[in-house]
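Taking it in order: structure first as structure tokens, then the write-up.
Below, each value reflects all heavy atoms present in this structure, side chains not excepted, and no hydrogens, waters or symmetry copies.
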Amino acid sequence: MATIADLSRECRTVRVTGELDLLTAPGLASALARARRGAQPPYVVVDLSDVTFMDCGALGALCEARTDCLERGGWLRVVYTRRVIGLLLRAVGLTAAFPRYATVEAARLGWYSAVPR
């Protein structure tokens, strides 16, 4: 479901495929914890480009990881291209916390973009 790939020593990427829901959220939380481990401060990109479905079950893991990254002086950025993910984030009021990045490289550089309509 999730794989971790280092872009550099400073920035790590968690790539997620398939569905993110209550059943797969623990795997996401585990992958996010591994990506943050040993990084000081932690810079993490979560690539959801290949996620076909996402519900609120995964939001807890994303929010916890983001909070940890911010508290330790880093950041967590989310890449997504599917409209449904933007709609979910908007519905729960998390678009400010998780602005949309169109690519992993854009996220790494901090170039966010508009939510697809």
Side chain to side chain contact (heavy atoms under 4.5 Å, CB included) partners of Asp50, counting only residues at least two apart:
Thr17
For Thr81 and Ala102 the tightest heavy-atom approach is CG2-O, 3.8 Å
State, to 0.1 Å, how close Gly57 and Ala25 come at their nearest heavy-atom pair, and which atoms those are.
O-CB, 3.2 Å
Under the criterion side chain to side chain contact (heavy atoms under 4.5 Å, CB included), I'd like the reasoning laid out for Val78 against Asp47: C-alpha separation, chi angles, the key distance, then a yes or no.
CA-CA 6 Å; Val78 179; Asp47 185 357; over 6 Å; no
How long is the gap from CG on Leu28 to CG on Leu62, to the nearest 0.5 Å?
5.5 Å
With Ala29 via side chain to side chain contact (heavy atoms under 4.5 Å, CB included) - residues at least two apart:
Ala61
Output yes when a side-chain donor or acceptor of Ser30 lies under 3.5 Å from a complementary backbone atom of Pro26, and no otherwise.
no
Chi angles and distances behind the side chain to side chain contact (heavy atoms under 4.5 Å, CB included) call for Val84, Met54:
CA-CA 8 Å; Val84 68; Met54 182 171 156; 6.0 Å; no
According to ring-ring contact (aromatic ring centres under 6.0 Å, His included), who are the partners of Trp111, at least two apart in sequence or on a separate chain?
none
Partners meeting side chain to side chain contact (heavy atoms under 4.5 Å, CB included) with Thr103 (sequence neighbours left out):
Glu105, Ala106
Closest heavy-atom pair, Arg12 versus Arg37, reported as atoms and distance to 0.1 Å, is NH1-O, 2.8 Å
Apply side chain to side chain contact (heavy atoms under 4.5 Å, CB included) to residues Leu48 and Val79 and explain how you reach the verdict.
CA-CA 6 Å; Leu48 303 178; Val79 175; over 6 Å; no
Only pairs at least two apart or in different chains count here, so list each ring-ring contact (aromatic ring centres under 6.0 Å, His included) that has a residue in residues 84-103.
none
Going only through I, L, V, M, F, W and Y residues with side-chain contacts under 4.5 Å, is there a path from Val45 to Leu109?
no
To the nearest 0.5 Å, atom CG of Leu20 lies from atom CG of Asp55 at 8.5 Å
Among side-chain atoms of Arg100 and Ser113, is any donor-acceptor pair under 3.5 angstrom?
yes
When you compare the side chain of Cys11 with that of Val44, does any pair of heavy atoms fall below 4.5 Å?
no
Set out, in order, the CA-CA distance, both residues' side-chain angles and the distance that settles side chain to side chain contact (heavy atoms under 4.5 Å, CB included) for Arg82 and Thr52, then state yes or no.
CA-CA 8 Å; Arg82 296 183 192 268; Thr52 56; 4.2 Å; yes
Step through the shown structure and confirm whether more than 12 heavy atoms of other residues, nucleotides or ligands are within 6.0 Å of CG on Leu22.
no
What residues form a ring-ring contact (aromatic ring centres under 6.0 Å, His included) with Tyr43, not counting sequence neighbours?
Trp75
Only counting residues at least two apart or in another chain, list the ones meeting salt bridge (Lys or Arg N to Asp or Glu O under 4.0 Å) with Asp68.
Arg36, Arg72
A side-chain contact here means heavy atoms from C-beta on lying under 4.5 Å apart; do Leu59 and Leu94 qualify?
yes
Restricting to side chain to side chain contact (heavy atoms under 4.5 Å, CB included), what partner residues turn up for Glu64, sequence neighbours left out?
none
